[in-house]
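This report refers to the structure that appears directly beneath it.
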Amino acid sequence: MQRELSKVYDPKAVESRIYEMWEEGGYFHAEREDGKKPFTIVMPPPNVTGQLHMGHAMDATLQDTLIRFKRMQGYNALWIPGVDHAGIATQIKVEEELRKEGKTRYDLGREKFLEKVWDWKHRYGNRIVEQQKKLGASCDWDRARFTMDDGCSKAVREVFVSLYEKGLIYKGNRIINWCPHCVTALSDAEVEYVDKPGHLWHIRYPLTDGSGEVVVATTRPETMLGDSGVCVNPADERYKDIVGKTVALPLVNKQIPIVADDYAEMEFGTGCVKMTPAHDPNDFEVGKRHNLEVIRVLDDNGRVNALGGKYQGLDRYEARKQIVADLEAGGYLVRVEDYSHSVGTCYRCHNDVEPIISDQWFVKMKPLAEEAIRVVKDGQTKFVPERFSKTYLNWMENVRDWCISRQLWWGHQIPAWTCADCGHITVSREDACKCEKCGSTRIQRDPDVLDTWFSSALWPFETLGWPEKTEDLDYFYPTDVLVTGYDIIFFWVARMIFSGCEHTGKTPFHTVLIHGLVRDDKGRKMSKSLGNGIDPLDMIDRYGCDALRMNMITGNSPGNDMRFYVERCEAMRNFANKLWNASRYVMMNLPEDGENRLPDRDKLEIADKWVLSKLNTLIAEATENLEKYELGIAVQKIYDFIWDTYCDWYIELTKARLYSEDPERKKTALQVLVYVLDQVLRLLHPFMPFITEEIWQSLPHDGPALIRASWPVYRQELAFREEEAHMESVMNAIRAIRNRRAEMNVPPSKKASLYVLTAKPEVFREGADFVERLAYADSVTVLENAPENLDGMLSCATSDAKLYIPMGQLVDAAKELERIDKELEKARKNLASLEGKLSNEKFVSRAPEAVVNAEREKARKAQDLIAGLEQSRAEFQKLL
RNA sequence: GGACGAUUAGCUCAGCUGGUAGAGCAUCCGCUUGACGUGCGGAAGGUCGCAGGUUCGAGUCCUACAUCGUCCACCA
């Protein structure tokens with residue numbers, strides 16, 4: 001920063017240079033260091049296919065702020081970055097590329113296709129990393145990981161095999177969620193339920209003995225092709241006699257039994273339910289109890305299969321239309337009513353998922369959930385805000401087995417080999433070449449891959465070397481804080497916790513800091529389809545990274561959504577500029593051999609003590625807020641201190657000395673200016689890393705970079721309570737005068753004399769220069785007695801001073817009197833309420849002493865103010 | 001059906017362990033005050049969703065309700 005620097009801060013000229021400096025200095029890198037406490041954060045790995053969005057910006061800003069804070073506090077701070085292979089998302093992306101060449105993945109075959117994906121990964125996988133750097137992220141890039149690198153693959157293999165050996169992974173035919181568009185199974189968490197308008201079709205199923213019929217209702221008539229029964233409630237009098245009989249399934253020409261099961265609710269519809277065990281989880285359960293046939297009628301693409309007779313090959317919705325038409329033609333359709341119900345959709349492609357029976361791999365969750373519940377209940381892992389632990393526990397306590405196999409090619413292939421001879425499945429840490437049971441070499445590896453979240457669940461420890469017993473793992477694990485949005489608590493946080501507990505014996509982090517969604521200015525979710533997304537990089541380009549980061553943190557509290565206002569970026573850009581110019585002011589006056597050292601105590605003047613004392617309070621409070629993850633509150637206080645306390649007051653208070661000819665006083669002021677600026681840059685650095693580093697580099701400083709400088713600490717010897725109060729008295733007087741002058745429309749250029757009547761004459765004599773400069777006085781006289789003649793005087797009062805300004809014709813005594821009366825009324829009301837409180841015996845006896853004393857002090861000040869006003873009133877009265 | 005969140009100045013939101021309300025933006029008035037007009041000084045604007053309760057004292061704690069929103073479960 002040069003003295004002749006521009007009046008406007010230009011982030012573009014600073015950010016990339018500073019970031020390079022940090023990288024070259026190795027300041028992001030952390031190594032084990034005995035005796036130094038580690039502080040570790042693992043970054044939620046963005047998808048390789050990802051484009052930086054506001055969610056990432058929020059995530060990264062919070063984490064970077066925390067890690068920079070801890071680094072400055074002296075922790076060995078490690079922030080591990082990485083990228084997720086994102087199974088479905090990435091595969092879809094590459095398949096789309098292929099489609100442009102008119103090819104599918106099947107044209108290439110598995111091996112060639114995977115080569116292509118790796119290619120793609122190598123080409124674009126770094127884009128998101130480069131974008132994160134633009135956010136100022138101080139991650140240890142040397143430790144960057146990919147969920148499909150060798151280490152992670154090894155970890156995944158180990159986890160799969162060990163869970164299998166413990167009986168916690170099994171393969172079986174269950175009803176799972178199937179996405180016919182992505183052509184894969186999904187876990188429960190990957191299904192989003194959406195209320196959609198539909199119909200309830202009432203269909204007549206005739207009894208085969210000709211004695212009548214039952215009417216069933218369904219929202220998915222096409223599934224009737226797979227019906228293998230009708231269910232009624234055993235207590236239902238209406239159907240007592242037909243239980244055990246059979247009905248003729250229309251269109252299919254087949255007899256199916258009527259069974260009695262509690263599952264059928266008598267009140268709903270006709271009380272008869274058609275049973276499709278292959279396409280409905282409840283029906284599947286009922287079917288198991290009553291030995292109903294399981295007939296799967298949809299293929300992997302959601303088309304009717306060979307068991308669907310004449311409907312074979314029709315898409316599920318096409319088949320629905322056709323079947324309804326045929327039922328109607330055959331006289332089977334009783335009626336159709338509008339019916340809105342929730343439909344499961346795929347969280348990736350948003351097409352309807354089908355519940356389908358399928359042979360898949362599952363993780364048995366109940367035993368794993370136990371410990372994951374305990375660590376949260378015991379407080380070993382805490383959610384911030386606390387309420388999310390309830391969300392978590394509720395999910396964990398009701399969790400169902402996790403379907404982990406995906407019918408994709410891109411991902412960790414399941415390490416299981418099926419023997420063609422004996423059917424045994426060999427699950428192995430090493431690639432198997434023969435059946436472990438019969439020794440046959442005719443084995444084939446399971447073609448499926450694992451759910452992407454299966455590998456991200458291991459992220460906190462696989463990135464530190466697990467399953468090896470590395471020193472890094474020993475030192476940096478368990479990690480400290482995990483930062484993420486509430487939308488992935490189930491997908492990721494929950495799974496990391498039970499995985500950590502199971503495989504490392506430790507919960508992976510002690511705190512989960514949850515943030516909300518960044519919405520658009522109308523409160524809508526930002527999305528590609530709405531086109532309402534705001535590009536973080538665009539904001540950085542226009543307002544600077546620091547401004548964007550501040551936008552993410554100010555006025556926002558953990559766990560709550562926030563609306564993104566470009567105006568807020570602008571405001572924060574202005575703040576950056578303010579700080580820039582304040583620094584320019586300090587710099588312009590800096591002697592060449594300047595150093596950052598506080599002057600001797602006896603040289604400090606009242607304003608210096610005031611600002612140092614205020615700074616001390618700020619340090620204590622902001623640190624405490626940060627420790628409690630109250631980032632928004634902390635930054636607000638720092639912001640206010642810089643703008644209000646430092647710029648608007650302290651800098652103004654130093655001007656007289658800075659422009660004076662007294663080198664001693666000038667030096668003292670400058671030293672304090674530099675000291676406070678340095679401290680405040682440190683406090684602000686975690687939030688606005690670029691501008692603070694840039695300025696700090698130009699100030700006299702110790703050490704190579706602010707990023708590695710120490711966090712300010714409270715210094716008892718710099719707490720000046722008395723001087724602080726005295727300075728505030730003078731400031732209150734200045735404010736009161738400014739206020740009066742503004743009311744009277746007196747321009748600053750019109751200076752006036754000022755007379756002060758006060759019980760603290762020495763304070764106002766010391767502060768006379770300030771009053772002159774900041775309250776536009778050409779002279780300040782501290783009076784012994786009230787002025788005799790108030791003709792043409794403006795007056796105003798604070799709790800410890802009465803102020804008189806001769807303003808000649810501008811002043812109308814009658815109006816002055818009127819104004820004093822108004823103020824008196826206000827002051828008396830205030831006093832009355834205070835006295836009411838103080839005369840309440842219960843208040844005095846029960847409220848804490850400090851509170852009572854504070855009220856007494858307020859009352860005393862109110863009395864002083866009233867006395868002053870009354871006196872003025874009497875004096876003005878004389879003029880009339 | 002269950003859980004949770006929100007309801008505070010015109011707008012968007014802060015407000016930690018209870019002590020008579022704050023910011024940013026917007027509005028109004030004034031200002032070429034030697035760092036900054038991306039600025040300075042000043043003003044106006046709120047019975048903190050509604051009704052009870054606890055307490056000396058409630059935006060803050062408890063109960064019920066209303067409106068909006070989110071998540072989970074169920075849905076023939």
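Note on naming: letters A, B, ... go to the chains in the order of the sequence lines (proteins, then strands), and numbering restarts at 1 for each one.
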Output field: ring centroids A/Tyr347/A/Phe491 closer than 6.0 Å:
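Ring-ring flag for A/Tyr347/A/Phe491: true, centres closer than 6.0 Å.
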Report the nucleotide, chosen from [options], that has the shortest atom-to-atom distance to any side-chain atom of [X].
X        : options             : value
A/Asn739 : B/G19, B/C74, B/A43 : B/A43
A/Arg387 : B/C4, B/A76, B/C36  : B/C4
A/Tyr776 : B/C74, B/G19, B/G41 : B/G41
A/Asn282 : B/G30, B/C36, B/C74 : B/C74

Test item: [X] side-chain N/O and [Y] main-chain N/O as donor-acceptor pair under 3.5 Å:
X        : Y        : value
A/Asn233 : A/Ala264 : yes
A/Arg741 : A/Pro747 : yes
A/His341 : A/Thr219 : no
A/Asn581 : A/Arg584 : no

Could you tell me whether the phosphate oxygens of [N], OP1 or OP2, come under 4.0 Å of any side-chain nitrogen or oxygen in [X]?
X        : N     : answer
A/Trp649 : B/G41 : no
A/Ser557 : B/A14 : yes
A/Asn560 : B/A14 : yes

Intra- and interstrand pairs of RNA chain B - dot-bracket, Watson-Crick/G-U under 3.5 Å, | marks other strand
(((((((..((((.....[..)))).(((((.......))))).....(.(((..]....))).))))))))....
Taking B/C4 as the reference, what is the distance to B/G46 when you measure between their C1' atoms (whole Å, please)?
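Per the computed distance, 28 Å lies between those C1' atoms.
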Interatomic distance at C1', B/C13 relative to B/A21, whole Å
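Result for the C1' pair: 14 Å, nearest Å.
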Does NZ or CZ of A/Lys751 fall inside the cone over A/Tyr776's six-membered ring, less than 6.0 Å from its centre and within 45° of the axis?
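No, A/Lys751 does not lie over the aromatic ring of A/Tyr776.
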Establish, for the pair A/Lys655 and A/Tyr585, whether the NZ or CZ atom is under 6.0 angstrom from the six-membered ring centre and no further than 45 degrees off its axis.
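Cation-pi check for A/Lys655 and A/Tyr585: passes.
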With no angle test and no hydrogens, is the base of B/C36 tied to the side chain of A/Lys578 by a donor-acceptor pair under 3.5 Å?
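In this structure, the two groups form a donor-acceptor pair.
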For RNA chain B, the residues among residues 562-574 of chain A that have a non-hydrogen atom under 4.0 Å from it:
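Going residue by residue through residues 562-574 of chain A, the ones with a heavy atom under 4.0 Å of RNA chain B turn out to be A/Arg563, A/Tyr565, A/Ala571, A/Arg573, A/Asn574.
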Whole-Å distance separating the OH atom of A/Tyr193 from the C1' atom of B/G1:
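Atom-to-atom, A/Tyr193 to B/G1, this comes out as 16 Å.
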Whole-Å gap separating P (B/U32) and NZ (A/Lys7):
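After rounding, the gap between these two atoms is 16 Å.
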